[in-house]
Amino acid sequence: MISPDKIRNVAIIAHIDHGKTTLIDSIFRAAHLFRENQRVEERVMDNNELERERGITIRSKPCTVHWGDYLINIIDTPGHADFSGEVERVLSMVDSVLLLVDANEGPMPQTRYVTMRALKLGMRPIVVVNKVDRPQANPPGALEKTFDLFIELGADDNQIEFPVLYGSGLNGWMVRDLEKDKHEGMEALFETIVQHVPPPEAELEAPFRMQITTLAWSDYIGRIGGGRILSGTYRKGQHFERITTRWKNYSQKEGEWEVVNTAAERSSHLWVTRGLERTEVEEVTAGDIVWIAGPEDIMIGDTFAAPDLTNAAFPPLEIEEPTVSMFFLVNSGPFAGNDGQAITLRQLKERLERELRVNVALRMEDIGRADGVKVSGRGELHLAILIEEMRREGMELCVSRPEVITIHDDDGNLMEPLEQLVIDVPEESQGIVIEKIAKRKGELTSMDNTGTGIIRLSFDIPTRGLIGYRNEFLTDTKGLGIMASRFVGYGPWKGEIISRGRGSLVSMDTGEATSYALESLQQRTVLFVSPMEKVYEGMIVGENSRPEDLPCNPVRTKKLTNHRSSTKEIDTGLKVPRRLTLDQALEWIADDELVEVTPENVRLRKAILNADERRKAEKKRAALAGV
């Protein structure tokens, strides 16, 4: 058992791609967590297949390293704004944070958000200026912008005097003085953590008490709760009280709260994290981060306390509210079941309910549709990750276009979610970017010339204005632009936004696409399918060059005659079709269209496949709108 004064609990926070997970790799190597001849993959903390493919961290994960006689608990947190709720909760488990800042980019939108949360909790961050060895790196400039950010966020005198380290997480070195210190080793980082991160405030002699801040799930054990023990000692199998609380005014999530449930429980399993793995133990003590299984209904914010302990409950933890929703529907297309498992509505609900056990930012709402449910999350990526996981499990389903969740203020005015958007673009592309974002109701708030041919633009923009814009942005900037955004709150409805200026190329028949038909269609469209690919009526096979939808017959064949054509030997050739990924397809579709997701294919289709039924539905909608 380790004394609390020898424990350091710290989280690594930063904007996406600023090097959190890569830095942890170097920490592991410096702490000799692996054998010298052991083969270790890069970004070892990203142990999920999707995390490795996308190069992002999706869920917070703890690990531990030993340095001298100190135990350092490190929590790797997501950098993408859609998973910011993971960061909010884990900060209550640690006593300080390592704030990573890219020496080239400086503070970005998510940097501001996570720093604000840490400062509000009274933490004194350790600033790590990372990637200082890269071309165009400007460590003094990045540090100055970080200092300005702390002042803007209202940091106190102690927080302003933050310790600073410079280094390269990829190459495995950190120093206090970039000019004088030798660029090797991570000793400066370990020394700074031990010196500046306070030990956990733990009362060993007090009764057992902890709060659940994160959840996990096991098909064999059930729900698992994780958190830091704040006082006392606990042995596996002992009884304790599980106390659930909530805010009295849920809309404000502040002020008074109340206890809504208490239950007598006992643990069946007890773990601590050592290195990368959970290790089952018989006893844990205050100051350490632990995992407990046993109670069936563990919730975020629950208090676990010794029996008969009065006034033991903690205030509820804030759980982030969804901003984007879409419909998850049973696959009703003619090719359902060809690639994977054609699930029923009951199976769809069961899978989503399983996800709700650990994904607390997700919401599922049964609105009475016979073919599906409404699912809400923090953003497009949050929902796209879930869809991709279901797809890889062999399921088939259809999903609708993401739409924002609106609310009404006290005066009845319609409010919508707003984002702070930061864009880095080449100078020659700034005009088209500003023009396109203005059409999406974005307002330019600042413009900064970095002196390297890159312009940094900041906008306030409705969340729905960003839906479907990323691909257009990459085209306008020739792939050289970088955009990042974060949710900042709700504001007045900005009016209608025309997001897609081109219509769909809709198949009128079912069969295999032919070269003969596609060759004539590609003259005025962008194709999504290849010859010999199976298509069906109502399936979208391309993008029209004009705003309206264009019916077509991609399975049409050339009529055979006994006359030789003078142009028979001329072959214009087919262009390579554009293949949309799942994320791109969700952004591209219109309100009356769906994405059909299977283990093998991502298809686009109309919600109503039959052309006559689509026309009747359109007339009905027009009549209702006229009324």
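Not measured: the values here are computed from a predicted model.
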Between [Y] and [X], is there a side-chain heavy-atom distance shorter than 4.5 Å?
X      : Y      : result
Val375 : Leu383 : yes
Phe314 : Asp302 : no
Phe327 : Ile367 : yes
Asn9   : Ile289 : yes
Glu241 : Thr303 : no
Arg401 : Leu586 : no
Asp371 : Leu345 : no
Ile454 : Val425 : no

Is the backbone of [Y] close enough, under 3.5 Å, to the side chain of [X] for a donor and an acceptor to pair up by distance?
X      : Y      : result
Glu161 : Asn158 : no
Thr245 : Val259 : no
Thr244 : Val260 : no
Gln584 : Thr581 : yes
Arg242 : Asp297 : yes
Arg378 : Val324 : no
Asp411 : Asn413 : no

- [ ] Please test Glu618 against Arg615 for salt bridge (Lys or Arg N to Asp or Glu O under 4.0 Å), starting from the C-alpha separation and ending with a verdict.
- [x] CA-CA 5 Å; Glu618 184 61 36; Arg615 282 193 290 269; over 6 Å; no
Task: Charged tip of Arg440 within 45° of Tyr469 ring normal and under 6.0 Å - done: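 The answer is no, since Arg440 fails at least one limit relative to Tyr469.
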- [ ] Assess Arg464 against Trp493: is NZ or CZ under 6.0 Å from the centre of the six-membered ring, and within 45 degrees of the ring's axis?
- [x] yes
Between [Y] and [X], is there a side-chain donor-acceptor contact under 3.5 Å, judged purely by atom types and distance?
X      : Y      : answer
Asp460 : Thr445 : no
Thr406 : Glu416 : no
Glu543 : Trp588 : yes
Arg605 : Ser332 : yes
Ser458 : Gln420 : no

- [ ] Measure from the ring center of Phe150 to the ring center of Phe162 and say whether it is less than 6.0 Å.
- [x] yes
TODO: Report the relative orientation of the aromatic rings in Phe487 and Tyr490; use parallel for angles under 30°, tilted for 30 to 60°, perpendicular for over 60°.
DONE: perpendicular
- [ ] Could you walk me through whether Lys349 and Glu353 pass the salt bridge (Lys or Arg N to Asp or Glu O under 4.0 Å) test, one step at a time?
- [x] CA-CA 6 Å; Lys349 288 181 178 179; Glu353 286 170 355; over 6 Å; no
Task: Listed partners of Phe459 passing ring-ring contact (aromatic ring centres under 6.0 Å, His included), at least two apart - done: none
Roughly how far apart are [X] [atom1] and [Y] [atom2], rounded to 0.5 Å?
X      : Y      : atom1 : atom2 : value
Ile13  : Ile75  : CD1   : CD1   : 11.5 Å
Ile434 : Ile455 : CD1   : CD1   : 9.0 Å
Ile432 : Asp476 : CD1   : CG    : 5.0 Å
Arg351 : Ile343 : CZ    : CD1   : 9.5 Å
Thr115 : Gln159 : OG1   : CD    : 10.5 Å
Ser485 : Leu418 : OG    : CG    : 12.0 Å

Task: Derivation and outcome, side chain to side chain contact (heavy atoms under 4.5 Å, CB included), residues Glu201 and Leu230 - done: CA-CA 7 Å; Glu201 295 181 1; Leu230 298 173; over 6 Å; no
Task: Arg614/Asp549 under salt bridge (Lys or Arg N to Asp or Glu O under 4.0 Å): CA gap, chis, key distance, verdict - done: CA-CA 12 Å; Arg614 280 201 304 274; Asp549 291 343; over 6 Å; no
Give a yes or no on whether [X] atom [atom1] has more than 12 heavy-atom contacts from other residues, nucleotides or ligands under 6.0 Å away.
X      : atom1 : answer
Met93  : CE    : yes
Glu548 : CD    : yes
Glu393 : CD    : yes
Glu350 : CD    : yes
Glu296 : CD    : no

[X] and [Y]: which non-hydrogen atoms are nearest, and at how many Å?
X      : Y      : result
Pro417 : Val404 : CG-CB, 3.9 Å
Ala142 : Gly106 : CB-CA, 4.2 Å
Ala155 : Leu119 : CB-CD1, 4.0 Å
Gly372 : Leu329 : CA-CD2, 3.8 Å
Pro295 : Phe240 : CG-CZ, 3.8 Å
Lys374 : Ser325 : CE-OG, 3.3 Å

Just distance, no hydrogens or angles: give the donor-acceptor pairs under 3.5 Å from side chains in residues 210-218, sequence neighbours left out.
| unit_1 | atom_1 | unit_2 | atom_2 | d |
| --- | --- | --- | --- | --- |
| Gln211 | NE2 | Gly301 | O | 3.2 |
| Gln211 | NE2 | Pro315 | O | 3.0 |
| Thr213 | OG1 | Gly226 | O | 3.4 |
| Trp217 | NE1 | Asp219 | OD1 | 3.0 |
| Ser218 | OG | Tyr220 | N | 3.2 |
| Ser218 | OG | Ile221 | N | 3.3 |

Open item on the list: Assess the residue pair Val399 and Leu594 against the criterion (side chain to side chain contact (heavy atoms under 4.5 Å, CB included)); give the C-alpha distance rounded to whole Å, side-chain angles, the decisive distance to 0.1 Å, and a yes or no.
Closed with: CA-CA 6 Å; Val399 292; Leu594 301 174; over 6 Å; no
Task: Glu613 and Lys616: CA distance, side-chain angles, deciding distance, salt bridge (Lys or Arg N to Asp or Glu O under 4.0 Å) verdict - done: CA-CA 5 Å; Glu613 292 181 5; Lys616 290 178 183 177; over 6 Å; no
- [ ] Assess whether side chain to side chain contact (heavy atoms under 4.5 Å, CB included) is satisfied between Thr77 and Val90, documenting all intermediate values.
- [x] CA-CA 8 Å; Thr77 65; Val90 301; 3.8 Å; yes
- [ ] Apply side chain to side chain contact (heavy atoms under 4.5 Å, CB included) to Ile160 and Asp156, showing your working.
- [x] CA-CA 6 Å; Ile160 286 290; Asp156 59 33; over 6 Å; no
